[in-house]
2 protein chains.
Amino acid sequence: MDQRSSKPDLDSAFNALSDSSRREMIRLLLQRPRRAGELAQNICMSPQALSRHLRVLRKAGLVAEESIENDARVRIYRVHARAFQPVQQWLLQVEELWRAQLLAFKSYAENAQRDRKSKT
Amino acid sequence: MDQRSSKPDLDSAFNALSDSSRREMIRLLLQRPRRAGELAQNICMSPQALSRHLRVLRKAGLVAEESIENDARVRIYRVHARAFQPVQQWLLQVEELWRAQLLAFKSYAENAQRDRKSKT
DNA sequence: CATTTATTTAACCATACGGTTAACCTTCTC
DNA sequence: GAGAAGGTTAACCGTATGGTTAAATAAATG
């Protein structure tokens, strides 16, 4: 019955996206799958630091690593777009509830206005 | 020229959403604006802890507090839906780039297939 | 005015995060 | 095989986060 453990994927996904370097990495990996070193050049960060960011993204399921046949040392990173779906979905739900709140307020305001008119 | 300081709003927004308790608070506040105590009942959390979560949401701009005329002790919290827009927008951009990547792969695959056919 | 009510802030603590340096794999390359 | 290349992990350290208890604020209430 612990609420905090109900959606660990959303937690880690949102958390992974809360860092601008990681978002930039996502953006670069969306252009095309890249090697870690390639990212390090563009992000201007030490390979070690970048590797940790990659691990955060990997654990959140947002990126996947795959080997390449030529050189087994390098791993290619690719965005796993499916993992964004829960995030998108949550935000869409927010939008939906927001609209419902707007409608509720609108009808409330209209009722209040009608009540004021009938009172005078 | 510091990349990390370019989008502090997105950072704090994503970070604020990376906690399931805070997401639940958002959900409750979307149903209707509520007082802090009301949230504490539903979230099952000490008022102090909840207040800090509220501050995180407030600093991220996701919720706004407003006073109420009846009792000036209580503050009503309300979702500030506009603040979700940058987040949504960023994710939409991801989706867009993802589609571009899909198209690129598709054309690559088709070319490869055509090349194989023409070779035989 | 003292008390209760509603909530936030302060102080404290344990834990988590992020960067750096150094060490470690693994696989090319000679 | 020795060494270099490409990356990841380990150890360390400062700082941020989150919860708790206790104190503070502010206003309704008796």
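Values below: every heavy atom of this structure, side chains too, minus hydrogens, waters and symmetry copies. The sequence lines fix the lettering, A, B, ..., with proteins before strands; numbering per chain opens at 1.
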Between [N] ([atom2]) and [X] ([atom1]): distance, integer Å:
X: Leu54(B); N: dT9(C); atom1: CG; atom2: C1'; result: 14 Å
X: Arg55(A); N: dT9(D); atom1: CZ; atom2: C1'; result: 7 Å
X: Asp19(B); N: dG18(D); atom1: CG; atom2: C1'; result: 9 Å
X: Arg34(A); N: dG6(D); atom1: CZ; atom2: P; result: 17 Å
X: Ile43(B); N: dG18(D); atom1: CD1; atom2: C1'; result: 15 Å
X: Met45(B); N: dT7(C); atom1: CE; atom2: P; result: 16 Å
X: Arg75(A); N: dT26(C); atom1: CZ; atom2: C1'; result: 9 Å
X: Leu57(A); N: dG18(C); atom1: CG; atom2: C1'; result: 14 Å

Would you call the rings of Trp90(B) and Phe14(B) parallel, tilted or perpendicular, where under 30° means parallel and over 60° means perpendicular?
perpendicular
Step through the shown structure and confirm whether more than 12 heavy atoms of other residues, nucleotides or ligands are within 6.0 Å of CD on Gln31(A).
yes
Tell me whether Gln88(B) at atom CD has more than 12 heavy atoms from other residues, nucleotides or ligands lying less than 6.0 Å away.
yes
Looking at [X], does any N or O in its side chain come under 4.0 Å of the phosphate oxygens OP1/OP2 on [N]?
X: Tyr77(A); N: dT8(D); value: yes
X: His53(B); N: dT17(D); value: no
X: Ser51(B); N: dT7(C); value: no
X: Arg35(A); N: dG7(D); value: yes

Counting only N and O atoms by type, is there a donor-acceptor contact under 3.5 Å from the side chain of Arg22(A) to the main-chain atoms of Ala16(A)?
yes
Where the side chain of Ser46(A) is concerned, which of dT8(C), dT8(D), dT20(C) is the nearest nucleotide?
dT20(C)
Considering only heavy side-chain atoms of Gln48(B), the closest of dT20(D), dT7(C), dG18(D) is dT20(D)
For the residue pair Ser18(A) and Asn15(A), establish whether any side-chain heavy-atom pair is separated by less than 4.5 Å.
yes
Base-contact (B) and sugar-phosphate-only (S) positions in nucleotides 12-17 of chain C, heavy-atom cut-off under 4.0 Å, - elsewhere
------
I need the minimum non-hydrogen distance between Ile76(B) and Arg35(B), along with the two atoms involved.
CD1-CG, 3.5 Å
Search all heavy atoms of Ala83(B) against all heavy atoms of Gly61(B) and return the closest pair with its distance.
CB-O, 3.1 Å
